[in-house]
Chemist: 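One structure, pasted below without further comment.
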2 protein chains.
Amino acid sequence: MDSDYQSQARVFKALCDETRLRVLEMLRGGEKCACKLLENLDCGQSGLSYHMKVLLESGIVTSRQEGKWTYYRICPEGAPALVSLVQQLTAVTDVPDQFGCCEK
Amino acid sequence: MDSDYQSQARVFKALCDETRLRVLEMLRGGEKCACKLLENLDCGQSGLSYHMKVLLESGIVTSRQEGKWTYYRICPEGAPALVSLVQQLTAVTDVPDQFGCCEK
DNA sequence: ACCTCATATAAAATATTTTTGATGTAAGCA
DNA sequence: TGCTTACATCAAAAATATTTTATATGAGGT
(Lines give C-alpha, C1' and ligand atoms only; values in the text may rest on other atoms or scores of the structure.)
Protein backbone atom coordinates (compact mmCIF):
# COMPACT_ATOMS: atom_id res chain seq x y z
CA MET A 1 0.00 0.00 0.00
CA ASP A 2 0.94 3.57 -0.54
CA SER A 3 0.66 5.39 2.76
CA ASP A 4 2.09 8.69 1.61
CA TYR A 5 -0.67 11.18 0.96
CA GLN A 6 1.30 13.11 -1.59
CA SER A 7 1.99 10.19 -3.84
CA GLN A 8 -1.57 8.96 -3.46
CA ALA A 9 -2.74 12.41 -4.46
CA ARG A 10 -0.46 12.33 -7.48
CA VAL A 11 -2.17 9.22 -8.79
CA PHE A 12 -5.59 10.81 -8.53
CA LYS A 13 -4.41 14.05 -10.07
CA ALA A 14 -3.63 12.04 -13.15
CA LEU A 15 -7.30 11.11 -13.34
CA CYS A 16 -8.92 14.43 -12.74
CA ASP A 17 -8.47 15.96 -16.14
CA GLU A 18 -10.80 15.40 -19.08
CA THR A 19 -8.04 15.06 -21.64
CA ARG A 20 -6.27 12.41 -19.61
CA LEU A 21 -9.50 10.48 -19.08
CA ARG A 22 -9.97 10.47 -22.85
CA VAL A 23 -6.45 9.18 -23.33
CA LEU A 24 -7.10 6.43 -20.84
CA GLU A 25 -10.24 5.44 -22.66
CA MET A 26 -8.32 5.19 -25.91
CA LEU A 27 -5.62 3.12 -24.27
CA ARG A 28 -8.19 0.66 -22.97
CA GLY A 29 -8.50 -0.55 -26.55
CA GLY A 30 -4.78 -1.27 -26.67
CA GLU A 31 -1.43 0.40 -27.14
CA LYS A 32 -1.38 3.68 -29.07
CA CYS A 33 1.31 5.97 -30.33
CA ALA A 34 1.27 9.64 -29.45
CA CYS A 35 0.27 10.74 -32.92
CA LYS A 36 -2.88 8.59 -32.88
CA LEU A 37 -3.85 9.95 -29.50
CA LEU A 38 -3.26 13.45 -30.75
CA GLU A 39 -5.57 12.95 -33.73
CA ASN A 40 -8.44 12.15 -31.41
CA LEU A 41 -7.89 14.84 -28.83
CA ASP A 42 -8.49 18.52 -28.65
CA CYS A 43 -5.05 19.69 -27.59
CA GLY A 44 -1.71 20.63 -29.06
CA GLN A 45 1.30 18.36 -29.40
CA SER A 46 3.12 19.79 -26.42
CA GLY A 47 -0.10 19.64 -24.44
CA LEU A 48 -0.38 15.94 -25.10
CA SER A 49 3.24 15.49 -24.12
CA TYR A 50 2.51 17.21 -20.82
CA HIS A 51 -0.54 15.06 -20.13
CA MET A 52 1.28 11.86 -20.98
CA LYS A 53 4.01 12.78 -18.57
CA VAL A 54 1.46 13.20 -15.81
CA LEU A 55 -0.06 9.82 -16.62
CA LEU A 56 3.37 8.17 -16.74
CA GLU A 57 4.41 9.64 -13.41
CA SER A 58 1.24 8.39 -11.80
CA GLY A 59 2.17 4.84 -12.75
CA ILE A 60 -1.13 4.19 -14.51
CA VAL A 61 0.42 4.25 -17.97
CA THR A 62 3.75 3.08 -19.39
CA SER A 63 5.51 3.90 -22.60
CA ARG A 64 7.87 2.32 -25.04
CA GLN A 65 10.00 3.87 -27.77
CA GLU A 66 10.19 2.44 -31.22
CA GLY A 67 12.25 4.50 -33.59
CA LYS A 68 10.70 7.93 -33.72
CA TRP A 69 7.48 6.82 -32.16
CA THR A 70 6.39 6.57 -28.56
CA TYR A 71 3.77 3.99 -27.74
CA TYR A 72 1.66 4.25 -24.63
CA ARG A 73 -0.44 1.67 -22.86
CA ILE A 74 -2.17 1.10 -19.57
CA CYS A 75 0.39 -0.27 -17.14
CA PRO A 76 -0.37 -3.91 -16.27
CA GLU A 77 0.96 -3.38 -12.74
CA GLY A 78 -0.12 0.20 -12.09
CA ALA A 79 -3.76 -0.19 -13.00
CA PRO A 80 -4.58 -2.98 -10.51
CA ALA A 81 -2.53 -1.14 -7.88
CA LEU A 82 -4.79 1.85 -8.41
CA VAL A 83 -7.90 -0.24 -7.94
CA SER A 84 -6.67 -1.65 -4.67
CA LEU A 85 -5.58 1.78 -3.49
CA VAL A 86 -9.12 3.04 -4.00
CA GLN A 87 -10.52 0.03 -2.20
CA GLN A 88 -8.25 0.62 0.74
CA LEU A 89 -9.04 4.32 0.91
CA THR A 90 -12.76 3.79 1.08
CA ALA A 91 -13.07 0.56 3.04
CA VAL A 92 -14.65 1.33 6.38
CA THR A 93 -12.86 -0.53 9.16
CA ASP A 94 -14.74 -2.24 11.94
CA VAL A 95 -11.99 -1.39 14.39
CA PRO A 96 -12.78 1.77 16.36
CA ASP A 97 -10.19 4.48 15.76
CA GLN A 98 -8.40 6.95 17.97
CA PHE A 99 -10.44 9.96 16.96
CA GLY A 100 -13.77 9.41 18.60
CA CYS A 101 -16.49 11.96 18.05
CA CYS A 102 -18.50 14.69 19.79
CA GLU A 103 -20.51 13.27 22.66
CA LYS A 104 -21.69 10.19 20.84
CA MET B 1 -21.37 3.80 -15.15
CA ASP B 2 -20.52 7.41 -15.40
CA SER B 3 -19.63 8.16 -19.00
CA ASP B 4 -19.30 11.91 -18.65
CA TYR B 5 -15.67 12.90 -18.35
CA GLN B 6 -16.40 15.99 -16.35
CA SER B 7 -18.27 14.22 -13.61
CA GLN B 8 -15.70 11.43 -13.55
CA ALA B 9 -13.03 14.06 -13.17
CA ARG B 10 -14.97 15.62 -10.30
CA VAL B 11 -14.83 12.38 -8.36
CA PHE B 12 -11.07 12.13 -8.76
CA LYS B 13 -10.58 15.78 -7.92
CA ALA B 14 -12.02 14.96 -4.54
CA LEU B 15 -9.17 12.51 -4.00
CA CYS B 16 -6.24 14.53 -5.21
CA ASP B 17 -5.75 16.72 -2.18
CA GLU B 18 -3.77 15.72 0.89
CA THR B 19 -6.21 17.21 3.35
CA ARG B 20 -9.12 15.34 1.82
CA LEU B 21 -7.19 12.08 1.83
CA ARG B 22 -6.56 12.60 5.53
CA VAL B 23 -10.24 13.20 6.12
CA LEU B 24 -11.06 10.03 4.27
CA GLU B 25 -8.64 8.08 6.38
CA MET B 26 -10.27 9.39 9.52
CA LEU B 27 -13.71 8.53 8.23
CA ARG B 28 -12.64 4.95 7.56
CA GLY B 29 -12.70 4.48 11.32
CA GLY B 30 -16.33 5.59 11.47
CA GLU B 31 -18.50 8.68 11.42
CA LYS B 32 -16.92 11.91 12.64
CA CYS B 33 -18.18 15.39 13.30
CA ALA B 34 -16.53 18.38 11.68
CA CYS B 35 -14.95 19.57 14.91
CA LYS B 36 -13.16 16.26 15.45
CA LEU B 37 -11.86 16.30 11.91
CA LEU B 38 -10.69 19.86 12.39
CA GLU B 39 -8.72 18.94 15.51
CA ASN B 40 -6.68 16.46 13.54
CA LEU B 41 -6.06 18.52 10.45
CA ASP B 42 -3.82 21.36 9.52
CA CYS B 43 -6.38 23.75 8.10
CA GLY B 44 -8.79 26.43 9.18
CA GLN B 45 -12.49 25.96 9.84
CA SER B 46 -13.56 27.46 6.55
CA GLY B 47 -10.95 25.38 4.80
CA LEU B 48 -12.41 22.19 6.22
CA SER B 49 -15.85 23.32 5.18
CA TYR B 50 -14.59 23.78 1.64
CA HIS B 51 -12.95 20.37 1.55
CA MET B 52 -16.00 18.63 2.96
CA LYS B 53 -18.12 20.23 0.29
CA VAL B 54 -15.82 18.85 -2.39
CA LEU B 55 -16.00 15.39 -0.83
CA LEU B 56 -19.78 15.57 -0.53
CA GLU B 57 -20.23 16.67 -4.12
CA SER B 58 -18.09 13.79 -5.32
CA GLY B 59 -20.48 11.34 -3.71
CA ILE B 60 -17.74 9.61 -1.73
CA VAL B 61 -18.90 11.06 1.58
CA THR B 62 -22.31 11.84 3.08
CA SER B 63 -23.31 14.00 5.98
CA ARG B 64 -25.99 14.20 8.60
CA GLN B 65 -27.03 17.07 10.85
CA GLU B 66 -27.67 16.61 14.53
CA GLY B 67 -28.42 19.81 16.32
CA LYS B 68 -25.44 22.06 15.87
CA TRP B 69 -23.16 19.29 14.69
CA THR B 70 -22.54 17.89 11.25
CA TYR B 71 -21.44 14.29 11.07
CA TYR B 72 -19.62 12.94 8.06
CA ARG B 73 -19.05 9.39 6.93
CA ILE B 74 -17.95 7.45 3.89
CA CYS B 75 -20.97 6.97 1.66
CA PRO B 76 -22.02 3.30 1.56
CA GLU B 77 -23.16 3.67 -2.05
CA GLY B 78 -20.60 6.15 -3.37
CA ALA B 79 -17.50 4.33 -2.25
CA PRO B 80 -18.17 1.06 -4.11
CA ALA B 81 -19.29 3.07 -7.14
CA LEU B 82 -15.88 4.73 -7.12
CA VAL B 83 -14.11 1.40 -7.03
CA SER B 84 -16.02 0.12 -10.02
CA LEU B 85 -15.45 3.36 -11.89
CA VAL B 86 -11.71 2.93 -11.48
CA GLN B 87 -11.95 -0.68 -12.58
CA GLN B 88 -13.82 0.32 -15.71
CA LEU B 89 -11.42 3.10 -16.55
CA THR B 90 -8.36 0.91 -16.40
CA ALA B 91 -9.65 -2.43 -17.68
CA VAL B 92 -8.03 -3.17 -21.00
CA THR B 93 -10.60 -4.49 -23.45
CA ASP B 94 -9.85 -7.41 -25.76
CA VAL B 95 -12.02 -5.91 -28.48
CA PRO B 96 -9.93 -3.92 -30.99
CA ASP B 97 -10.93 -0.28 -31.05
CA GLN B 98 -11.50 2.25 -33.80
CA PHE B 99 -8.24 4.12 -33.27
CA GLY B 100 -5.59 1.79 -34.60
CA CYS B 101 -1.98 2.85 -34.41
CA CYS B 102 0.99 3.91 -36.51
CA GLU B 103 2.08 1.18 -38.92
CA LYS B 104 1.74 -1.67 -36.47
C1' DA C 1 26.07 16.45 -43.35
C1' DC C 2 21.54 18.05 -43.88
C1' DC C 3 16.62 17.63 -43.73
C1' DT C 4 12.30 16.00 -41.87
C1' DC C 5 9.37 13.84 -38.61
C1' DA C 6 7.85 12.62 -33.86
C1' DT C 7 8.13 14.03 -29.53
C1' DA C 8 10.04 16.59 -25.41
C1' DT C 9 11.11 20.65 -22.83
C1' DA C 10 11.09 25.62 -21.34
C1' DA C 11 8.97 29.81 -20.54
C1' DA C 12 5.10 32.74 -20.51
C1' DA C 13 0.19 33.35 -20.37
C1' DT C 14 -4.02 31.75 -18.48
C1' DA C 15 -7.14 29.13 -15.72
C1' DT C 16 -8.34 26.57 -11.74
C1' DT C 17 -7.84 25.33 -6.84
C1' DT C 18 -6.86 26.19 -2.23
C1' DT C 19 -6.18 29.14 1.66
C1' DT C 20 -7.33 32.90 4.48
C1' DG C 21 -10.01 36.30 6.86
C1' DA C 22 -14.40 38.38 7.41
C1' DT C 23 -19.10 37.81 7.80
C1' DG C 24 -23.59 35.16 7.89
C1' DT C 25 -26.81 31.69 9.72
C1' DA C 26 -29.10 28.48 12.56
C1' DA C 27 -29.27 25.82 16.92
C1' DG C 28 -29.19 25.79 21.73
C1' DC C 29 -28.88 27.89 26.11
C1' DA C 30 -29.05 31.79 29.85
C1' DT D 1 -33.87 38.43 23.57
C1' DG D 2 -29.04 38.19 23.57
C1' DC D 3 -24.96 35.24 23.67
C1' DT D 4 -22.25 31.36 22.23
C1' DT D 5 -21.15 27.43 19.44
C1' DA D 6 -20.73 24.98 14.99
C1' DC D 7 -20.56 25.44 10.62
C1' DA D 8 -21.28 27.70 5.83
C1' DT D 9 -20.40 31.27 2.48
C1' DC D 10 -17.97 34.99 0.20
C1' DA D 11 -14.23 37.51 -1.74
C1' DA D 12 -9.44 38.32 -2.24
C1' DA D 13 -4.86 36.45 -2.13
C1' DA D 14 -1.79 32.70 -2.83
C1' DA D 15 -0.61 28.49 -4.78
C1' DT D 16 -1.00 25.07 -8.63
C1' DA D 17 -2.20 23.28 -12.92
C1' DT D 18 -2.96 23.73 -17.82
C1' DT D 19 -2.38 25.76 -22.33
C1' DT D 20 0.23 27.94 -25.70
C1' DT D 21 4.26 29.33 -28.32
C1' DA D 22 8.80 28.70 -29.33
C1' DT D 23 12.72 25.98 -29.32
C1' DA D 24 15.39 21.56 -28.59
C1' DT D 25 16.46 16.67 -29.23
C1' DG D 26 17.01 12.39 -31.40
C1' DA D 27 15.86 8.94 -35.07
C1' DG D 28 15.74 8.08 -39.75
C1' DG D 29 16.12 9.05 -44.54
C1' DT D 30 18.76 11.46 -48.79
Side-chain angles (χ1 to χ4, degrees), chain A residues 5-24 26-27 31-58 60-73 99-104, chain B residues 5-24 26-27 31-58 60-73 99-104:
Chain A
Y5 296 114
Q6 265 190 290
S7 68
Q8 288 178 185
R10 186 183 322 127
V11 179
F12 294 115
K13 272 178 196 164
L15 295 171
C16 65
D17 175 271
E18 268 199 66
T19 301
R20 292 191 293 263
L21 287 174
R22 276 175 201 283
V23 168
L24 219 50
M26 285 192 268
L27 295 185
E31 192 176 60
K32 303 277 174 301
C33 66
C35 56
K36 265 299 162 199
L37 295 172
L38 197 52
E39 275 178 25
N40 294 282
L41 290 169
D42 181 29
C43 73
Q45 179 270 318
S46 68
L48 176 63
S49 196
Y50 165 74
H51 287 300
M52 294 319 292
K53 191 175 183 178
V54 174
L55 281 169
L56 286 172
E57 285 173 349
S58 77
I60 301 170
V61 165
T62 31
S63 68
R64 163 177 84 83
Q65 293 297 131
E66 199 175 306
K68 295 191 284 190
W69 290 277
T70 307
Y71 292 94
Y72 296 97
R73 72 199 153 107
F99 302 113
C101 204
C102 306
E103 56 193 66
K104 273 205 69 189
Chain B
Y5 296 113
Q6 265 191 290
S7 67
Q8 288 178 186
R10 187 183 322 127
V11 179
F12 294 115
K13 274 177 194 166
L15 295 172
C16 65
D17 175 90
E18 269 200 66
T19 303
R20 291 191 293 265
L21 287 173
R22 278 175 200 282
V23 168
L24 220 48
M26 285 193 267
L27 296 184
E31 192 177 59
K32 301 279 173 300
C33 66
C35 54
K36 266 297 163 198
L37 295 173
L38 197 51
E39 276 177 26
N40 294 282
L41 290 170
D42 181 29
C43 74
Q45 179 270 317
S46 67
L48 177 63
S49 195
Y50 164 74
H51 288 300
M52 295 318 295
K53 190 175 182 179
V54 175
L55 281 169
L56 286 172
E57 285 173 349
S58 77
I60 302 170
V61 165
T62 31
S63 68
R64 164 177 83 81
Q65 291 298 130
E66 199 175 306
K68 296 190 285 187
W69 291 279
T70 307
Y71 292 95
Y72 296 98
R73 71 199 154 106
F99 301 113
C101 205
C102 306
E103 57 193 62
K104 276 206 66 188

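Values below: all heavy atoms of this structure, side chains included; hydrogens, waters and symmetry mates excluded.
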Chemist: Is any side-chain heavy atom of A:Glu31 closer than 4.5 Å to a side-chain heavy atom of A:Arg64?
Modeler: yes
Chemist: What nucleotide among C:dT9, C:dT18, D:dT19 has an atom nearest to a side-chain atom of B:Tyr50?
Modeler: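 It is C:dT18.
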Chemist: In whole angstrom, give the distance that lies between atom CG of B:Leu38 and atom P of D:dT5.
Modeler: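 In whole Å, D:dT5 P and B:Leu38 CG are 15 Å from each other.
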Chemist: If you assign each of A:Gln45 and A:Asp17 to its closest nucleotide in DNA chain D, which residue comes earlier from the 5' end?
Modeler: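 In this pair, the answer is A:Asp17.
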Chemist: For residues 9-18 of chain A, run the donor-acceptor check on the side chains, cut-off 3.5 Å, and write out each pair with its distance to 0.1 Å, sequence neighbours left out.
Modeler:
residue : atom : partner : partner atom : Å
A:Asp17 : OD1  : A:Thr19 : N            : 2.9
A:Asp17 : OD1  : A:Arg20 : N            : 3.1

Chemist: Taking CD from B:Glu66 and C1' from D:dC7, how many angstroms apart are they, rounded to a whole number?
Modeler: 15 Å
Chemist: Whether B:Lys68 contacts D:dC7 is assessed here as follows: a side-chain N or O lying under 4.0 Å from the phosphate OP1 or OP2. Is that the case?
Modeler: no
Chemist: Mapping A:Gly67 and A:His51 onto DNA chain D by nearest heavy atom, which one lands closer to the 5' end?
Modeler: A:His51
Chemist: In Å, rounded to the nearest 0.5 Å, how long is the span from CD of A:Gln45 to CG of A:Leu37?
Modeler: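 One gets 12.0 Å once the value is rounded to the nearest 0.5 Å.
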Chemist: NZ of A:Lys13 versus P of D:dA15: gap in Å, rounded?
Modeler: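 From A:Lys13 NZ to D:dA15 P: 15 Å.
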Chemist: Within this structure, what is the CD-to-P distance between B:Gln65 and D:dT5, rounded to whole angstrom?
Modeler: 19 Å
Chemist: Contact class for B:Thr70 (heavy atom, under 4.0 Å): base, sugar-phosphate, or nothing?
Modeler: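 The answer is sugar-phosphate, as B:Thr70 gets under 4.0 Å only of primed atoms, P, OP1 or OP2.
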Chemist: Check whether any side-chain heavy atom of B:His51 lies under 4.5 Å from a side-chain heavy atom of B:Leu41, and answer yes or no.
Modeler: no
Chemist: Mark yes or no for a side-chain to base donor-acceptor pair under 3.5 Å between A:Ser46 and D:dT21, with no hydrogen or angle criteria applied.
Modeler: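 Donor-acceptor pair under 3.5 Å: yes.
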Chemist: For A:Tyr71 and C:dA6, what is the distance between atoms OH and C1' respectively, to the nearest whole Å?
Modeler: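 Going from OH in A:Tyr71 over to C1' in C:dA6 covers 11 Å.
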Chemist: How many angstroms lie between atom CG of A:Leu38 and atom CE of A:Met52, to the nearest 0.5 angstrom?
Modeler: 11.0 Å
Chemist: How does DNA chain D read in dot-bracket, base by base from 5' to 3', with Watson-Crick or G-U pairs under 3.5 Å and | used when the partner is on another strand?
Modeler: ||||||||||||||||||||||||||||||
Chemist: From A:Gln6 CD over to B:Leu21 CG, what is the distance, rounded to the nearest 0.5 angstrom?
Modeler: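 So the gap between those two atoms works out to 10.5 Å.
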Chemist: Between B:Tyr72 (OH) and D:dA6 (P), how many Å, whole number?
Modeler: 14 Å
Chemist: For the pair made of CD in A:Glu18 and P in C:dA15, what is the distance, rounded to whole Å?
Modeler: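 Whole-Å distance recorded here is 16 Å.
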Chemist: Separation of A:Arg20 atom CZ from D:dA17 atom P, in whole Å?
Modeler: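 It works out to 10 Å between those atoms.
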Chemist: Enter the distance from A:Leu55:CG to A:Ser63:OG here, rounded to the nearest 0.5 Å.
Modeler: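 Output value for this atom pair is 11.0 Å.
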